[in-house]
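First comes the structure, then the notes that go with it.
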Protein chains: 2
Amino acid sequence: MPERVTLRDVAVLADVSAKTVSRVVNGADHVTPTTRARVQQAITELGFQPNLVARSLRVGRADVIGLVVESLADPFFARLTSSVEQAAHERGLAVMVSSVGNQVPERESLVVESLLVRQVAGLIVAPMAQDHGYLAGARQRTPVVFVDRLPEGIVSDAVLVDDLAAGEMATGHLIDHGHRRIAFLGSELRNPTTRLRLAGYRRALARHGLDADESLVAVGAGSAGEARSAAEQLLGGERPPTAVFSSNMRCSLGLVPLLHSSGRTDVAVVSFDDFPMADSLVPAVTVIDHDPEVIGRAAAERLFRRLEDLDAAAETVIVPFRLVPRGSGELSPPGGTGRDRELGQDEVLATDREQDMAHHGVEGGRRP
Amino acid sequence: MPERVTLRDVAVLADVSAKTVSRVVNGADHVTPTTRARVQQAITELGFQPNLVARSLRVGRADVIGLVVESLADPFFARLTSSVEQAAHERGLAVMVSSVGNQVPERESLVVESLLVRQVAGLIVAPMAQDHGYLAGARQRTPVVFVDRLPEGIVSDAVLVDDLAAGEMATGHLIDHGHRRIAFLGSELRNPTTRLRLAGYRRALARHGLDADESLVAVGAGSAGEARSAAEQLLGGERPPTAVFSSNMRCSLGLVPLLHSSGRTDVAVVSFDDFPMADSLVPAVTVIDHDPEVIGRAAAERLFRRLEDLDAAAETVIVPFRLVPRGSGELSPPGGTGRDRELGQDEVLATDREQDMAHHGVEGGRRP
DNA sequence: AGCGACGTTGTCATCGATGTCAAGCCACTG
DNA sequence: CAGTGGCTTGACATCGATGACAACGTCGCT
């Protein structure tokens, strides 16, 4: 059972003080090359590894960032986590992940606290809770960057997709292909993301002079299974939709298999969130693609900058999205309406404004 | 800027010693209900939260476990991570994740060390490196449970799927459906998992008296893109296979879209690893399913037990797998061979031995 | 009454590193 | 040659909690 090697052991062997070893380990100035070499020698000889927990205690924060997501098993969050982890690793930071679980948004504050007591240097949170006032105190010490959704009851850095514009584009795409009865499939309305996408859906309908049939709006599906049932009900209705805007991946993972297994591949679909194999189905699924990798990296970079300047104003970063036409979103309604037409490639891109934001990558919008 | 509240602050307010507060916080015995109440009162009044970093320093280990995987973006590892995180959370442990990246197995030891210096209580590692001797010293202090693959050059706890048996079953399934020219698609051979699955493939061929055509074995595909090219080459060969055993998800994510986009849905496929949408394709993809959730939880449970008994003998846990027939694996070869037949449901299950292990969930196999 | 046993509480040192501050040393200057 | 300043180095306290051990009080027993 080899004893732990501490800084002091190295100091004794190199015949210097612990402080000097500390200087060498941290690459600090003011150490003679001779001394440095002797210490290095002792370090390798003993195989010394600094105890980062001790360092964290002394400096008051761990070189770790916390990441809070809904579920790690969800491919969107998995890819987000992956990119955050990579960005952190490049800065020598470790990542602690915690998932909240999609049924219990209240757990969010507990999960966050379990990270705070471990003295994480900063947090990246994909919010689920209704209110984030509970973070007000902690943020003085521990910066937080929100991703995917805006926090409520608090002003903070955030990295977002323009859900409203994306929802509008998805719905507009279906309208442009001649659809008049378009269903909206979404999860809980208390989720701001869902609300924004739904608002985009309604705005597209309004802009095209279509009236919204509330019976075509199915929200509240918390799992793929529930989404499947909800979709089943929509399609079995009296005047079923000819197209569906599925507003997140879970919904799509319920809807699409349903359409395939019931042979209803005539129903047009646009899915918010790309998902694996979406391009291998027949028809391949048209999606709004927003790169979780881009979001994750942007959030990490924002957090790193924030760690260096705790007092800067809160900033919102908008990351780009695009519509990827693959077939399912370009199906015409049965019978057609004569208004259907081929779209030019450019029309599937975000509007000028969004593209502009997208390519600049950053929007310095300060919220009051 | 609110000062941090420490145990000492609570002690002063409650007019007791720091030690007593510590006792209350940790639910230790020997504290009068009265005192306890007074301390509790002070704790809530001040909103005290213990500093787990300080505790970790004192007790010599953090209440954190480290998880090392190849890539968090890979759905298999994402689900594994998710289940490990859940199990850890139930025990009040946090999880630090690190990914190695699939191109640089050498990075594994670096990643592991970055966790060790943070004093993680234990590690769960999906090994990529060739040799794990580098862990020999650390394991004295920090237990390690390997998942998915056996470590090399070291004896340790491990949670595995019986890759050999699974490879044999997948290949046997295709043979049973009349195929005689079956290709093997896999990643690097230095990966023991690939080697075992390939061995299973060969054993199935041998058992059925088929000779192995080495031109049908394509290994080395490290990404879906490479797998796609490899598959393209296999199918474009002189005597192309009528069936493919794709030995992991990355390969399947290259192969399956290729088959679909080139209209070659007549080629039979069995995929090792289930993947999203596999059941919505036409034909749906027959897979060997081994639950990453089960593996993750088993590994976590093993690690927890190990944390309580550092000296117990190394144990290998074998988790169950099953073949899920969905269509792609049951296609007959063009022209058929007359030997094709319908399979009874029971035949798609693992052999008695594996099922037995599976349901017991644990195999106490000690390795010398 | 005196004694030991036990339950409660406190004192002090400690985990391993780093910030503060000062001492030591050398060189260079006037 | 004393004085000044810069560079190296070290002594010591400290981060916030907990382990070891001791002191104290209370109780029950002989």
Side-chain angles (χ1 to χ4, degrees), chain A residues 2-40 42-43 46-64 92 114 116-121 141-142, chain B residues 2-40 42-43 46-64 92 114 116-121 141-142:
Chain A
E3 296 293 320
R4 296 191 73 43
V5 179
T6 77
L7 202 118
R8 198 158 298 276
D9 300 327
V10 176
V12 170
L13 178 60
D15 194 29
V16 293
S17 75
K19 182 72 231 211
T20 299
V21 179
S22 169
R23 288 197 182 92
V24 172
V25 169
N26 293 356
D29 281 348
H30 303 309
V31 180
T32 307
T34 327
T35 315
R36 188 182 297 276
R38 204 167 68 243
V39 172
Q40 287 289 11
I43 287 176
L46 296 175
F48 167 71
Q49 307 251 216
N51 180 330
L52 295 196
V53 166
R55 175 183 296 165
S56 297
L57 173 60
R58 186 64 239 255
V59 305
R61 59 179 58 248
D63 41 7
V64 174
S114 87
L116 289 177
V117 294
R118 291 180 168 92
Q119 313 297 113
V120 294
R141 275 183 30 84
T142 311
Chain B
E3 297 292 320
R4 299 189 69 45
V5 179
T6 75
L7 202 123
R8 198 158 299 275
D9 300 327
V10 176
V12 169
L13 179 58
D15 194 31
V16 294
S17 74
K19 182 73 231 210
T20 300
V21 179
S22 168
R23 289 198 181 92
V24 172
V25 169
N26 294 356
D29 280 348
H30 303 307
V31 180
T32 307
T34 327
T35 315
R36 187 181 298 275
R38 203 166 69 244
V39 172
Q40 287 289 11
I43 287 176
L46 296 174
F48 166 72
Q49 307 251 216
N51 181 330
L52 296 198
V53 166
R55 175 184 295 166
S56 296
L57 173 60
R58 186 65 242 250
V59 305
R61 58 179 60 249
D63 41 8
V64 175
S114 88
L116 289 177
V117 295
R118 291 180 167 91
Q119 314 296 115
V120 294
R141 275 183 33 84
T142 312

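Just so we're on the same page: letters track the sequence lines, and every chain starts at 1. Worth saying up front: this structure is predicted, and the values here are computed from it rather than measured. Below, all heavy atoms of this structure are taken into account, side chains as well, without hydrogens, waters or symmetry copies.
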query = Expressed in angstrom and rounded to an integer, what is the separation of B:Arg23 atom CZ from D:dG16 atom P?
reply = 21 Å
message = Categorize A:Val21 for me: base, sugar-phosphate, or nothing, with a 4.0 angstrom heavy-atom threshold over every strand shown.
response = nothing
request  = Measure from the side-chain heavy atoms of B:Lys19 and tell me the nearest of C:dA17, D:dA20, D:dC15.
outcome  = D:dA20
ask   = If only side-chain N and O atoms of B:Thr32 are considered, is one of them under 4.0 Å from the OP1 or OP2 phosphate oxygen of C:dG7?
value = no
query = Just how far, in rounded Å, is P of C:dG16 from CG of A:Leu46?
reply = 14 Å
ask   = When you measure from the side chain of B:Arg55, which nucleotide among D:dA11, D:dA17, C:dA17 comes out closest?
value = D:dA17
query = What nucleotide, of C:dT8, D:dA17, D:dT9, holds the atom closest to the side chain of B:Phe48?
reply = D:dA17
ask   = Can any side-chain N or O of B:Arg36 pair as donor or acceptor with the backbone N or O of B:Arg23 at less than 3.5 Å?
value = no
key: Contacts of type salt bridge (charged side-chain N to carboxylate O under 4.0 Å, His left out), residue A:Asp9, not counting sequence neighbours   = none
key: Rounded distance in Å - CD (A:Gln119) to P (D:dG16)   = 9 Å
request  = Find which nucleotide of DNA chain C each of B:Val16 and A:Val25 is nearest to by heavy atoms, and output the residue with the more 5' nucleotide.
outcome  = B:Val16
message = Please tell me if A:Ser56 has a side-chain N or O lying less than 4.0 Å from either OP1 or OP2 of D:dC15.
response = no
ask   = Hey, which of B:Thr20, B:Val21, B:Asp15 is the one that makes side-chain contact (heavy atoms from CB on, under 4.5 Å) with B:Ser17?
value = B:Thr20
Any B:Ser17 side-chain N or O less than 4.0 Å from OP1/OP2 of C:dG10 = yes
task = Choose from D:dA17, C:dG16, C:dT9 the nucleotide whose nearest atom is closest to any side-chain atom of B:Asn51.
result = D:dA17
message = OP1 or OP2 of C:dT9 versus the side-chain N and O atoms of B:Thr20: is any pair under 4.0 Å?
response = no
query = Hey, does the side chain of A:Arg118 reach the backbone of A:Ser114 with a donor-acceptor pair shorter than 3.5 angstrom?
reply = yes
ask   = Just by distance, do the side chain of A:Ser22 and the backbone of A:Ala18 share a donor-acceptor pair under 3.5 Å?
value = no
message = Can you measure B:Arg36 atom CZ to C:dT8 atom C1' for me and round it to whole angstrom units?
response = 11 Å
note = By nearest-heavy-atom nucleotide on DNA chain C, the more 5' of B:Val59 and B:Thr35 is B:Thr35
task = Starting at atom CG of A:Leu57, determine the distance to atom P of D:dA17, rounded to an integer number of angstrom.
result = 9 Å
key: A:Asn26 CG to C:dG16 C1', straight-line distance once rounded to whole Å   = 13 Å
message = OP1 or OP2 of C:dT14 versus the side-chain N and O atoms of B:Arg58: is any pair under 4.0 Å?
response = no
key: Heavy-atom side-chain contact between B:Arg38 and B:Val16 under 4.5 Å   = yes
ask   = Does A:Ser22 place a side-chain N or O at less than 4.0 Å from the phosphate oxygens OP1/OP2 of C:dT18?
value = yes
ask   = Expressed in angstrom and rounded to an integer, what is the separation of B:Leu7 atom CG from D:dC15 atom C1'?
value = 13 Å
key: Nucleotide D:dG19, atom P - distance to CG of B:Asp29 in whole Å   = 14 Å
message = Over all strands shown, is A:Val53 touching base, sugar-phosphate only, or nothing at heavy-atom distances under 4.0 angstrom?
response = nothing
